[in-house]
Engineer: 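Handing you a structure now.
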Amino acid sequence: MTLIKSISGIRGTIGGGAGEGLNPLDIVKFTSAYATLIRKTCTVKSNKIVVGRDARISGEMVKNVVVGTLMGMGWDVVDIDLASTPTTELAVTMEGASGGIILTASHNPKQWNALKLLNEKGEFLNKEEGNEVLRIAEAEEFNFAEVDKLGSYRKDLTYNTKHIDSVLALDLVDVEAIRKADFRVAIDCVNSVGGIILPQLLEQLGVKHVEKLYCEPTGNFQHNPEPLEKNLGDIMNLMKGGKADVAFVVDPDVDRLAMICEDGKMYGEEYTLVTVADYVLKHTPGNTVSNLSSTRALRDVTRKYGQEYSASAVGEVNVTTKMKEVGAVIGGEGNGGVIYPASHYGRDALVGIALFLSHLAHEGKKVSELRATYPAYFMAKNRVDLTPDTDVDAILAKVKEIYKNEEINDIDGVKIDFADKWVHLRKSNTEPIIRVYSEASTMEAAEEIGQKIMESPAVLSISYTASTMEMVNRMLSTLGIVVVVLIVSAGMLAFVVLYNLNNINITERQRELATLKVLGFFDKEVSQYVLRENIILTAVGILFGAVFGIGLHRYIIVTVEVDAVMFGRNIRPVSFVYCALLTCVFSAIVNLFMHKKLKKINMVESLKSVE
């Protein structure tokens, strides 16, 4: 079980004990802490908090706990139920609410869920506010309402329609052009709320031909929900069949947008924002913003229109803060997140789809042809795993020193801008790793510069390179057989020891068996005698090996906690089958060798034996 507490909320796997996973006790604690913070800091005169959720299997349970807790804290809850993240963000401002809670773990698998916390503007809490929620939760500094001051509950399922209406009302969304283009569109909504709202949006945009894939909001995701190429084989194959002009793929909470060309090739998640920005800048001059780990192509497109590009620290709240600071007309993140202030300050796949289709209709090109009009960059994404005592700041400082003659940005880790490429190193907020992103005009060049940075003394002194870690990860993925090997090895060891204890000296053994011949036993009977004896030894070896292997696993590997880090598997019944089979094979080989030796007995030796 996992529970991760951060300034953007809490997320974890469902179940486990208190503090171990995302369970009702921890949900109550952090919901109460958030409710306490909003009561102290909210500037609007409202007693309402909006709650929306994606279609995860755990969503109903988590929602019920959150709603009950908010009511217990004296808040009036507006439950918009199955709704995307941008829908919930808009609902906060449309309701005039004091805040909102989105129940979604975004692109994480189905066993995860999370609480994402919004302020009265429908935007994520900033770092200071997030830290205060964590502090209040830890100290349990919250008080529940008395009976006469309990909050109320209201369900409102109109916000999907209101969200779509707001998208259609945007000046740059050209519904008539989209309708005339008569696009054929495919969608993959990974069995979540996108399956509810995207078909409605496309219908309102005048798209008559829609191929739907995984649009039933069951929460039982049919593939890994992160919209990356490696997870999208089904819809890519659908596109190769020529069934649509473009495919849109969203994550479970519909704030990220990936696209697939008419030929079944990925458009590139980094280029979702680039393409939408091109369309916006063509009609609305202004600045742009993306985070430090996003493609340089947005900067190039922005400068084409004579405008200024700015980079922010990673994280949606950092991007929106920078956008407000520089007056950006469009911004977002390279993971397919489009933030269009004319709508709201939040990543919104619906806005991205509407603006992209408007642009495509105006250009009159195929999707692959449109993609080819933008600067070609390739990005490599690697990681360096850290040890608990690693001084990340010292590493980043050393990297800065090594590359001090290049353009450096250190607002979030260290980004080194070369003339024709860049590398960004930053510590993850959720994992003990340094993320290393690099971009160049070819994938080979991007990998090369990334590896060069990772193999510098500053980085190599603390951990493995990404290529080494990939090799280790591949090894670890097969280590389910390690326990089997332990048992089999122990079994073989036991057999060899017992066999040799019984056959200390082959010469003496030969004499013993020769005596049997003299006494009237034939070769066949001698062989049967030896075979019976060694079958018993083999069985004893298997039993001893199994017991020894279990003990080794239980009292050595698990005790020193190597199991949790490396092996991560329990002994399975099939392990004993493997043990028995391999030990028998080993026994047969040894027996064959011994039989050949023992059968080389002649009457001379027999008579000597009797004497």
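Both backbone and side-chain heavy atoms feed into the values below; hydrogens, waters and symmetry mates do not.
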Engineer: For the residue pair D278 / Y374, report whether a side-chain donor-acceptor contact shorter than 3.5 Å exists.
Structural biologist: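 Checked: Y374/D278 side chains pair up, N/O donor to acceptor below 3.5 Å.
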
Engineer: Going by distance alone, is a donor N or O of one side chain under 3.5 Å from an acceptor N or O of the other, for T158 and D156?
Structural biologist: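 A donor-acceptor contact under 3.5 Å links the two side chains.
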
Engineer: Does the side chain of Y345 come under 3.5 Å of the side chain of E316 through a donor N or O and an acceptor N or O?
Structural biologist: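 Result is no, nothing qualifies.
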
Engineer: Does E369 reach the main-chain N or O of K366 with its side chain, forming a donor-acceptor pair under 3.5 Å?
Structural biologist: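 Checked: pair present.
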
Engineer: Using only heavy-atom distances, determine whether the side chains of D253 and T85 contain a donor-acceptor pair under 3.5 Å.
Structural biologist: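 Yes, because at least one side-chain N or O of D253 sits under 3.5 Å from a partner of the opposite role on T85.
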
Engineer: Would you check if there is a donor-acceptor pair between the side chains of S294 and N291 at a distance under 3.5 Å?
Structural biologist: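 Present: a donor and an acceptor within the cut-off.
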
Engineer: To check you understand the geometry: which heavy-atom pair defines the closest contact between V289 and S312, and what is its length?
Structural biologist: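 For V289 versus S312, the nearest heavy atoms are CG1-CB, 4.2 Å.
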
Engineer: Can you see whether T295 engages E439 through a side-chain donor-acceptor pair at a distance of less than 3.5 angstrom?
Structural biologist: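 Yes, a side-chain donor-acceptor pair sits under 3.5 Å.
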
Engineer: Check the side chains of Y437 and N382 for a donor-acceptor pair under 3.5 angstrom, ignoring hydrogens and angles.
Structural biologist: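 No pair is found: no donor N or O on one side chain lies under 3.5 Å from an acceptor on the other.
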
Engineer: So, D54 versus S192: side-chain donor-acceptor pair below 3.5 Å or not?
Structural biologist: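 No - no donor-acceptor pair under 3.5 Å links their side chains.
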
Engineer: Does R303 make a cation-pi contact with Y309, if we ask for NZ or CZ under 6.0 Å from the ring centre and within 45° of the axis?
Structural biologist: no

Engineer: Strictly by modelled atom types, are D171 and H283 linked by a side-chain donor-acceptor pair under 3.5 Å?
Structural biologist: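 No pair is found: no donor N or O on one side chain lies under 3.5 Å from an acceptor on the other.
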
Engineer: Examine the side chains of H424 and N409 and answer whether a donor and an acceptor come within less than 3.5 Å of each other.
Structural biologist: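 No, no side-chain donor-acceptor contact under 3.5 Å.
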
Engineer: Which heavy-atom pair separates A361 from A177 by the least distance, and what is that distance?
Structural biologist: CB-O, 3.6 Å

Engineer: Looking only at the side chains, is there a donor atom on one of Y267 and S368 sitting less than 3.5 Å from an acceptor on the other?
Structural biologist: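 No, no side-chain donor-acceptor contact under 3.5 Å.
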
Engineer: D79 and side chain to side chain donor-acceptor pair (under 3.5 Å): which partner among R53, K63, R154?
Structural biologist: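 Passing option: K63.
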
Engineer: Is it true that the side chains of H223 and D234 contain a donor and an acceptor less than 3.5 Å apart?
Structural biologist: no

